[in-house]
Amino acid sequence: NTTIVENKANVQLAAECDNYQYRTFDEAYRASENGSTVKLLANVNRTTAKYVTDCDGYASIFNIEGRELTFDLNGHAIKVTANAADLADAKGQMLMAVFSTDEGGKLTLIDSSEAKEGTVQVTTANDAKVYSLITNYEDGCFVTIDGGNYIADKVYDSLIYSGASDCVTINNGNYRLDNVGEGGAA
């Protein structure tokens, strides 16, 4: 069950989905359906203690599977700290991506804020392995990026990985990868 709340001065709202506001980002994300837009109203901090798996069993924080979804960073940040201990049972003992598409999933990332400071960032701790920040698995899946800042301190493969042909479109945004090929799979 999700909670829809009125925007009162004493209630901190974290996100909205299709114009309904929620106290937590997870509530808004769970409320999303095919074609929904999830818009950040506050920063989101995550660890890899809670992840989902894609069709191949790899760990992702958000896996867009079989539907179309837009994330509007709205000037806020999604920051993920990957920890090796959290990923000990994950396939390859690594975080495949913060965002992944699978089974026909379509992901659009935007930043509608005037300042354009919306950020997706992953940092590693305790020798955690991260494959990429965004992963597009197969033909029939699509990723479109129309703004935002995308940062990783180290990844094994790339900041944005696609196993599909012509399925990633980058129209705008800023990208920073500090170290590639470090902390990756053995």
Q: Looking at Val155 and Leu159, what are the two nearest heavy atoms and their distance?
A: CG2-N, 4.3 Å
Q: With heavy-atom distances below 4.5 Å as the criterion, would you say the side chains of Val120 and Leu133 are in contact?
A: yes
Q: Looking just at side-chain N and O atoms, do Asp146 and Asn172 make a donor-acceptor pair shorter than 3.5 Å?
A: no
Q: Applying the 4.5 Å side-chain criterion to the ILVMFWY set and letting contacts propagate, would Phe142 and Tyr137 be lumped into a single cluster?
A: no
Q: In Å, rounded to the nearest 0.5 Å, how long is the span from CD of Glu68 to OG1 of Thr108?
A: 6.0 Å
Q: For Asn63 and Glu65, indicate whether the former's side chain and the latter's backbone hold a donor-acceptor pair under 3.5 Å.
A: no
Q: Can you tell if the side chain of Leu41 reaches within under 4.5 Å of the side chain of Glu16, non-hydrogen atoms only?
A: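 Counting from C-beta outward, Leu41 and Glu16 do come under 4.5 Å.
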Q: If you count the non-hydrogen atoms of other residues, nucleotides and ligands that lie under 6.0 Å from CD in Glu117, is the total more than 12?
A: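 12 or below, so no.
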Q: Rounded to the nearest 0.5 Å, what separates atom OG in Ser60 from atom OH in Tyr131?
A: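 Going from the OG atom of Ser60 to the OH atom of Tyr131 covers 12.5 Å.
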Q: As an exercise, state the distance from CD of Glu138 to OG of Ser162, rounded to the nearest 0.5 Å.
A: 10.0 Å
Q: Could you check if a side-chain atom of Leu40 sits within less than 4.5 angstrom of a side-chain atom of Phe25, using non-hydrogen atoms only?
A: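 Yes, their side chains come closer than 4.5 Å.
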Q: Taking atom NZ of Lys116 as the centre, does the number of heavy atoms from other residues, nucleotides or ligands within less than 6.0 Å exceed 12?
A: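 Atom NZ in Lys116 is crowded, with more than 12 foreign heavy atoms closer than 6.0 Å.
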Q: Heavy atoms, side chains only, cut-off 4.5 Å: are Tyr22 and Cys17 in contact?
A: yes
Q: Step by step, work out the side-chain hydrogen bond (donor to acceptor under 3.5 Å, both in side chains) result for Ser100 and Asp102.
A: CA-CA 7 Å; Ser100 60; Asp102 203 3; over 6 Å; no
Q: So do the side chains of Val143 and Ile134 get within less than 4.5 Å of each other, counting heavy atoms only?
A: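 The answer is yes, as the side chains (C-beta and beyond) meet within the 4.5 Å cut-off.
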Q: Any idea which heavy atoms bring Ser132 and Ser158 closest together, and the distance?
A: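 Smallest interatomic distance, heavy atoms only, reads CB-O, 2.8 Å.
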Q: Look up atom CD1 in Ile110 and atom CG in Leu73, then write down how far apart they are to the nearest 0.5 Å.
A: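 If we round to the nearest 0.5 Å, Ile110:CD1 and Leu73:CG are 8.0 Å apart.
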Q: When rounded to the nearest 0.5 angstrom, what distance separates NZ in Lys106 from CG in Asn34?
A: 8.5 Å
Q: Please identify each residue that fulfils salt bridge (Lys or Arg N to Asp or Glu O under 4.0 Å) with Asp139, with sequence neighbours left out.
A: none
Q: Any chance the side chains of Thr48 and Asn83 put a donor and an acceptor closer than 3.5 Å?
A: no
Q: Going by atom type alone, with no hydrogens or angles, which donor-acceptor pairs under 3.5 Å involve a side-chain atom of residues 88-97 and a protein atom two or more places apart or on another chain?
A:
residue, atom, partner, partner atom, Å
Lys91, NZ, Asp56, O, 2.9
Gln93, NE2, Ala88, O, 3.2

Q: Specify the closest pair of heavy atoms between Val130 and Ala82, including all atoms of both residues, with the distance to one decimal.
A: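 Residues Val130 and Ala82, closest heavy atoms: CG2-CB, 3.8 Å.
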Q: Do Ile170 and Ile160 come close enough that some side-chain heavy atom pair is under 4.5 Å?
A: yes
Q: Run the side-chain contact (heavy atoms from CB on, under 4.5 Å) check on Tyr51 and Asp86 step by step: do they pass?
A: CA-CA 9 Å; Tyr51 62 83; Asp86 296 339; 5.5 Å; no
Q: If we ignore hydrogens and angles and just use 3.5 Å, is the side chain of Asn136 paired with the main-chain N or O of Thr101 as donor and acceptor?
A: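 Absent.
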Q: State yes or no: are the ring centers of Phe99 and Phe71 separated by less than 6.0 Å?
A: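 Aromatic pair counts; centres sit under 6.0 Å.
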Q: Any idea which heavy atoms bring Ala77 and Asn43 closest together, and the distance?
A: N-OD1, 2.9 Å
Q: Taking Thr124 for its side chain and Asp127 for its backbone only, find out whether a donor-acceptor pair lies under 3.5 Å.
A: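 No.
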Q: Going by atom types alone, do Arg67 and Ser36 pair a side-chain donor with an acceptor below 3.5 Å?
A: no
Q: Does some side-chain heavy atom of Ile151 sit less than 4.5 Å from a side-chain heavy atom of Val122?
A: no
Q: In terms of ring plane angle, is the pair Tyr150 and Tyr175 parallel, tilted or perpendicular, where the classes change at 30° and 60°?
A: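 Taking Tyr175 first and then Tyr150, their aromatic rings lie parallel (interplane angle under 30°).
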Q: Pair Leu107, Thr144 - check side-chain contact (heavy atoms from CB on, under 4.5 Å), show working.
A: CA-CA 6 Å; Leu107 168 66; Thr144 302; over 6 Å; no
Q: Would you compute the distance between atom NE2 of His76 and atom NZ of Lys39 and round it to the nearest 0.5 angstrom?
A: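 Atom-to-atom, His76:NE2 and Lys39:NZ are 8.5 Å apart.
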Q: May I ask you to check whether Ser112 and Asp72 show a side-chain donor-acceptor distance below 3.5 Å?
A: yes
Q: Can you tell me if Thr47 uses its side chain to pair, donor with acceptor, with the backbone of Ala49 under 3.5 Å?
A: yes
